[in-house]
Every structure is written in C-alpha cells, then in structure tokens.
Amino acid sequence: MAMSTTTQPFLLYTVPITPNGHAVAIVLEELKAIYPSIAYDVDVVDIFVKNTHKEPWFLELNPNGRVPVLVDRSRDDFIVFETSAIMLYLVKHYDKDFNLWFDPSLDPNGDSEMLQWVFFAHGGIGPMQGQLIHFQRTAPEDIAYAKKRYLDETNRLYGVLELRLANRDWLAGSGRGKYSIADIKAVTWARFYTFSTGDSIDRWPRVKAWIELAEKRQAVQIAISKK
C-alpha cells in the first residue's frame, strides 16, 4: 500500500479537477477553517494515463478502484471511499458544532432532508452527468441514443434542483435552508453543467444563483483552485 510520507491527520487520494474531488476537498477546507486540528495531505492519482487507481496497492484502499479515498491517520489509518460516505464520515466525526450538517436529535427533519439530497446527487446527478460526459466527450463510438438519453436525464434532474430552489438558498433545512454537505455534493457537479451538456446554465436561473452563492465561500474557492 502506498502512503504519503507526510504526517497530516488526513490523507486524500484524489483527482483535484473532478466534481467528486472538489466535493471532499471543500468539506475538508470548510472544516479546516473552523477547527484548527483539521489538516490534510493530497496524493494526486493518475486515472487518465497510468491507471494508478487500478494498481493492487490502490485496490487495497478501495476495491472499487475509484477516487476519492480518505485515510484518517488519527483513527488508525481508517479508510473511507465513496464521495458521499467520506463527507458524512467527516462531519459525523469532526464537525461537532453541526456547521455542515444537522443535529439528528434536535433537527431530525433537517437531517433527513440533507440525506435525501445527498443521495439524490450521489445516485442521480453524478452518475447521469458522468455518463453524459463519457458519451459526449470520450466514448470511442458516437452513439446518438446514449447522448440523448443522458442529456435528457441530466436536464430532468436539473429541473428537480430548479424546483427545489424556489424561494430557497440551500437544498436542506427549514426556511431558506442551511448550507450543508447536500449542497456541496450537488453543486460540485452543477458547476460542470455547461462542460457536460454544452448548454448555458442560464437555462436554470435558480441553480445558477445557488452555484454563485456557493462559489463565494472561501473554502469552495480554495478547494476548486487546487490542481
């Protein structure tokens, strides 16, 4: 198993330029700004040329052979894979003041809403938009049906976001909502809407405003600037 030789509490294996890479980095940067003990090392995994994510040492970390993967050195090198699982792990263990999530005992409805939107993004936006990128940009064959299928489904999902964001700033929580990992998970894909579809995000004005609001956060700016 390959490990970084530095000694920050967390080691993040990632591809920093991807939506999933951005999501975990944003959570870490948000927590880092609040809690001085939070710090992390980054090991950039070459998934484009060397297929490092398929090497035996990496498959020991994540048998699914995907990034990101988090190693928590402060808990006996505990390993977490899958973006949403990593985000939930980080807030449950390290966000004691519920800055990025909801206290399940005091706000069970907010907690449930957050989980619903995390799963919506994890099981819907990410896979559909990811497949769209593949068939639009990297597939060895030009398959019109696949392009239309994933474009239509991606736009349907953005229609859901647009509906949810009526009179709201954030996806989960009462009133106008509260910024949480639900937004982080979804907005990191939404930022790639034009790249994925070739269309302007202006088509979804509420989604556009939500992206712009998230991008004003310093932690988001730091995370998405990493290469």
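Since the model is a prediction, treat every value here as computed from it, not as a measurement. Start at 1 with the first residue, then count along the sequence.
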Within a strict 4.5 Å, meaning less than it, do heavy atoms of the [X] and [Y] side chains meet?
| X | Y | value |
| --- | --- | --- |
| W204 | W210 | no |
| V67 | F58 | yes |
| D111 | D107 | no |
| P104 | F98 | yes |
| Y40 | L11 | no |
| V91 | N99 | no |
| F81 | R66 | no |
| V80 | V69 | no |

Side-chain donor-acceptor pair under 3.5 Å between [X] and [Y], yes or no?
| X | Y | answer |
| --- | --- | --- |
| Y94 | S74 | yes |
| T154 | Q129 | no |
| Y193 | N155 | yes |

I'd like to know if [X] and [Y] make a salt bridge, using a cut-off of under 4.0 Å between side-chain N and carboxylate O.
| X | Y | value |
| --- | --- | --- |
| E212 | R191 | no |
| D142 | K147 | yes |
| R73 | D41 | yes |
| R217 | E30 | yes |

Exercise. Apply the test salt bridge (charged side-chain N to carboxylate O under 4.0 Å, His left out) to residues E113 and R164: give CA-CA distance (whole Å), side-chain angles for both, the deciding distance (0.1 Å), then the verdict.
Key: CA-CA 11 Å; E113 286 184 355; R164 176 58 174 174; 3.3 Å; yes
State the [atom1]-[atom2] distance between [X] and [Y], to the nearest 0.5 angstrom.
| X | Y | atom1 | atom2 | result |
| --- | --- | --- | --- | --- |
| D152 | Y150 | CG | OH | 12.0 Å |
| K208 | T194 | NZ | OG1 | 9.5 Å |
| N109 | M114 | CG | CE | 13.0 Å |
| I86 | D72 | CD1 | CG | 11.0 Å |
| M87 | I181 | CE | CD1 | 5.0 Å |
| L165 | W170 | CG | CH2 | 9.5 Å |

Heavy-atom closest contact ([X] atom, [Y] atom, distance):
| X | Y | result |
| --- | --- | --- |
| Y13 | L61 | CE1-CD1, 3.5 Å |
| P9 | A39 | CD-O, 3.3 Å |
| H122 | S84 | ND1-OG, 2.7 Å |
| T14 | P68 | OG1-CB, 4.2 Å |
| H53 | V45 | N-CG1, 3.8 Å |
| A214 | V187 | CB-CG2, 4.0 Å |

Quiz item: Near N167 CG, under 6.0 Å, is it more than 12 heavy atoms from other residues, nucleotides or ligands?
Solution: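 Counting neighbours around CG of N167, 12 or fewer heavy atoms of other residues, nucleotides or ligands fall under 6.0 Å, so no.
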Exercise. Kindly assign one of parallel, tilted or perpendicular to the pair F195 and F192, based on the angle between their ring planes and the thresholds 30° and 60°.
Key: perpendicular
Quiz item: Is the W117 ring parallel, tilted or perpendicular to the F120 ring (thresholds 30°, 60°)?
Solution: perpendicular
Self-check item: Steps toward side chain to side chain contact (heavy atoms under 4.5 Å, CB included) verdict (L70, F10)
Solution: CA-CA 7 Å; L70 184 76; F10 300 101; 3.9 Å; yes
Quiz prompt | Test side-chain contact (heavy atoms from CB on, under 4.5 Å) applied to I222 - qualifying residues, sequence neighbours left out | solution = E29, Q218, K226
Self-check item: Qualifying residues under side-chain contact (heavy atoms from CB on, under 4.5 Å), relative to K50, sequence neighbours excluded
Solution: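 Partners of K50 under the side-chain contact (heavy atoms from CB on, under 4.5 Å) test: D46, T52.
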Main chain of [Y], side chain of [X]: is a donor-acceptor contact present, judged purely on distance under 3.5 Å?
| X | Y | value |
| --- | --- | --- |
| D183 | L171 | yes |
| R206 | E162 | yes |
| D103 | S105 | yes |
| K54 | I47 | no |

Quiz item: For I201 and I211, what are the C-alpha separation, side-chain angles and deciding distance, and is it a side chain to side chain contact (heavy atoms under 4.5 Å, CB included)?
Solution: CA-CA 10 Å; I201 195 64; I211 294 170; 4.1 Å; yes
Quiz item: Under the side chain to side chain donor-acceptor pair (under 3.5 Å) criterion, do S225 and Q221 qualify, and how do the steps go?
Solution: CA-CA 6 Å; S225 69; Q221 294 172 12; over 6 Å; no
Quiz item: Is there a chain of hydrophobic side chains (I, L, V, M, F, W, Y, each step under 4.5 Å between heavy atoms) that links V220 to Y35?
Solution: yes
Quiz item: Could R149 and Y145 be counted as a cation-pi pair, given that NZ or CZ must be under 6.0 Å from the ring centre and within 45° of the axis?
Solution: no
Practice problem: Could you please spell out the steps behind the side chain to side chain contact (heavy atoms under 4.5 Å, CB included) verdict for L151 and T197? | Solution: CA-CA 7 Å; L151 177 61; T197 66; 3.8 Å; yes
Quiz item: Please walk me through it: do D43 and L12 pass side chain to side chain contact (heavy atoms under 4.5 Å, CB included)?
Solution: CA-CA 6 Å; D43 192 320; L12 177 62; over 6 Å; no
Exercise. Would you please name every residue forming a ring-ring contact (aromatic ring centres under 6.0 Å, His included) with H134, sequence neighbours left out?
Key: none
